[in-house]
Colleague: 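Mind having a look at this structure? Questions to follow.
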Amino acid sequence: PAPFIHSLLCGRVIQTPRADRHGDPIAAMERWAADLARRSREDEEIVLLELQARLRRLAQRPSPPHPPPGPSRGLDPVARIAAHIARHYRDPFEAAFYGRASGLHPRSAMRLFRRACGATLLEHVTFHRIAHAQRLLATTSAKIIDIAQEAGFASASRFYKAFHQVCGQTPTAFRRSAPPPPPPPPPPP
């Protein structure tokens with residue numbers, strides 16, 4: 001349903017009871033992580049199907065935990081902008097780029113997005129970049145500067161500042177607190 005998709009694209013947290021008739025979501029996530037660590041195409045497909053089923057169940061709930069803000073007529077352009085951000089967050093930030101993706105003037109796109117999602121375009125792009133960096137910090141041993149560039153940051157200083165603002169700690173501290181990355185898969189026989 002559109003309100004559910006809108007909530008997800010705008011970064012809303014959708015909660016489910018710790019244990020419901022579909023099982024413990026924490027246990028499910030741990031199982032999915034273990035399955036993905038095996039790096040098997042079949043395991044990956046199973047995890048994706050289970051995730052899709054879980055999301056569909058969440059979407060069927062009679063009332064979402066947070067009603068989507070903003071006018072409903074703005075849903076389609078906002079959804080297009082959010083999807084565009086999800087695909088291009090590592091590219092250099094240009095408001096005109098997102099305006100074109102939504103079919104709106106850049107200022108209109110920025111204003112509509114902020115009103116609907118409670119964050120500016122740049123803040124949303126930065127959240128995506130930080131999430132990408134967190135994944136790399138937790139799952140690789142790559143250098144932090146390389147991770148910053150891979151996540152779309154043009155400078156190390158901007159990366160460190162944004163990471164600290166969003167996470168409340170440095171990338172190094174985050175990496176230390178994350179579980180160790182899984183070992184690489186064995187070479188094919």
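We're numbering straight along the sequence, starting at 1.
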Colleague: Could you please spell out the steps behind the side chain to side chain contact (heavy atoms under 4.5 Å, CB included) verdict for L121 and F93?
Modeller: CA-CA 9 Å; L121 285 172; F93 179 80; 3.9 Å; yes
Colleague: Roughly how far apart are T120 OG1 and M110 CE, rounded to 0.5 Å?
Modeller: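 Rounded to the nearest 0.5 Å, the OG1-CE separation comes to 8.5 Å.
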Colleague: Under a 4.0 Å threshold between the charged nitrogen and the carboxylate oxygen, would R31 count as salt-bridged to E50?
Modeller: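 Yes.
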Colleague: What pair of heavy atoms forms the shortest contact from A162 to I130, and how long is it?
Modeller: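 Where A162 meets I130 most closely, the heavy atoms are C-CD1, 3.9 Å.
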Colleague: Other residues, nucleotides and ligands only: do more than 12 of their heavy atoms fall within 6.0 Å of CD on E94?
Modeller: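 Result for CD/E94: open.
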Colleague: What class does the angle between the rings of H88 and H84 fall in, given that below 30° is parallel, 30 to 60° is tilted and above 60° is perpendicular?
Modeller: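 Rings of H88 and H84: tilted, 30 to 60°.
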Colleague: What is the minimum heavy-atom distance between S102 and R80, and which atoms define it?
Modeller: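 That closest heavy-atom pairing would be O-NH2, 2.8 Å.
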Colleague: Grab the two heavy atoms, one from F113 and one from A119, that are nearest each other, plus how far apart they are.
Modeller: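 Shortest heavy-atom contact: CD2-O, 3.4 Å.
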Colleague: More than 12 foreign heavy atoms under 6.0 Å from CZ of R107: is that the case here?
Modeller: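 Result for CZ/R107: open.
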Colleague: A side-chain contact here means heavy atoms from C-beta on lying under 4.5 Å apart; do R135 and I147 qualify?
Modeller: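 With C-beta onward as the side chain, the pair stays apart.
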Colleague: In the single-linkage hydrophobic clustering (I, L, V, M, F, W, Y; side-chain heavy atoms under 4.5 Å), do V166 and F163 co-cluster?
Modeller: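 The answer is yes; both residues are in one hydrophobic cluster.
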Colleague: Taking L137's backbone N and O only, do any of them form a donor-acceptor pair with R175's side chain (distance below 3.5 Å, no angle check)?
Modeller: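 Yes, because the side chain of R175 sits within donor-acceptor range (under 3.5 Å) of the backbone of L137.
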Colleague: Linking I/L/V/M/F/W/Y whenever their side-chain heavy atoms sit closer than 4.5 Å, directly or via other members, would L51 and L36 fall into one cluster?
Modeller: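 Result: yes, single cluster for both.
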Colleague: Using side-chain heavy atoms (C-beta onward) and a distance below 4.5 Å, is H128 in contact with H124?
Modeller: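 Heavy-atom side-chain distance check passes, below 4.5 Å.
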Colleague: With side chains defined as the heavy atoms from C-beta onward, is the minimum distance between L49 and R54 less than 4.5 Å?
Modeller: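 Heavy-atom side-chain distance check fails, nothing below 4.5 Å.
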Colleague: Grab the two heavy atoms, one from H164 and one from T170, that are nearest each other, plus how far apart they are.
Modeller: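 Looking at all heavy atoms of both residues, the closest pair is CD2-N, 4.0 Å.
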Colleague: Just checking, any donor-acceptor pair under 3.5 angstrom between side chains of R129 and H132?
Modeller: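 The answer is no; no qualifying pair exists.
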Colleague: Quick check for you: to the nearest 0.5 Å, what is the distance between R111 atom CZ and L104 atom CG?
Modeller: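 Answer for the CZ-CG pair, R111 versus L104, is 10.0 Å.
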Colleague: Group every Ile, Leu, Val, Met, Phe, Trp and Tyr by side-chain heavy-atom contacts under 4.5 Å, then state whether Y89 and L122 land in the same group.
Modeller: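 Y89 and L122: one cluster.
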Colleague: Side chain to side chain contact (heavy atoms under 4.5 Å, CB included) for D146 and E150? Distances and angles first, verdict last.
Modeller: CA-CA 6 Å; D146 295 337; E150 167 65 23; over 6 Å; no
Colleague: I144 and F159: side chain to side chain contact (heavy atoms under 4.5 Å, CB included), yes or no, with the steps?
Modeller: CA-CA 9 Å; I144 291 177; F159 172 64; 3.6 Å; yes
Colleague: Quick one: does V125's side chain get under 4.5 Å of Y98's, heavy atoms only?
Modeller: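 Yes. Closest side-chain heavy atoms under 4.5 Å.
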Colleague: At what distance, to the nearest 0.5 angstrom, does SG of C117 lie from CD1 of I85?
Modeller: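 Here the rounded value is 8.0 Å.
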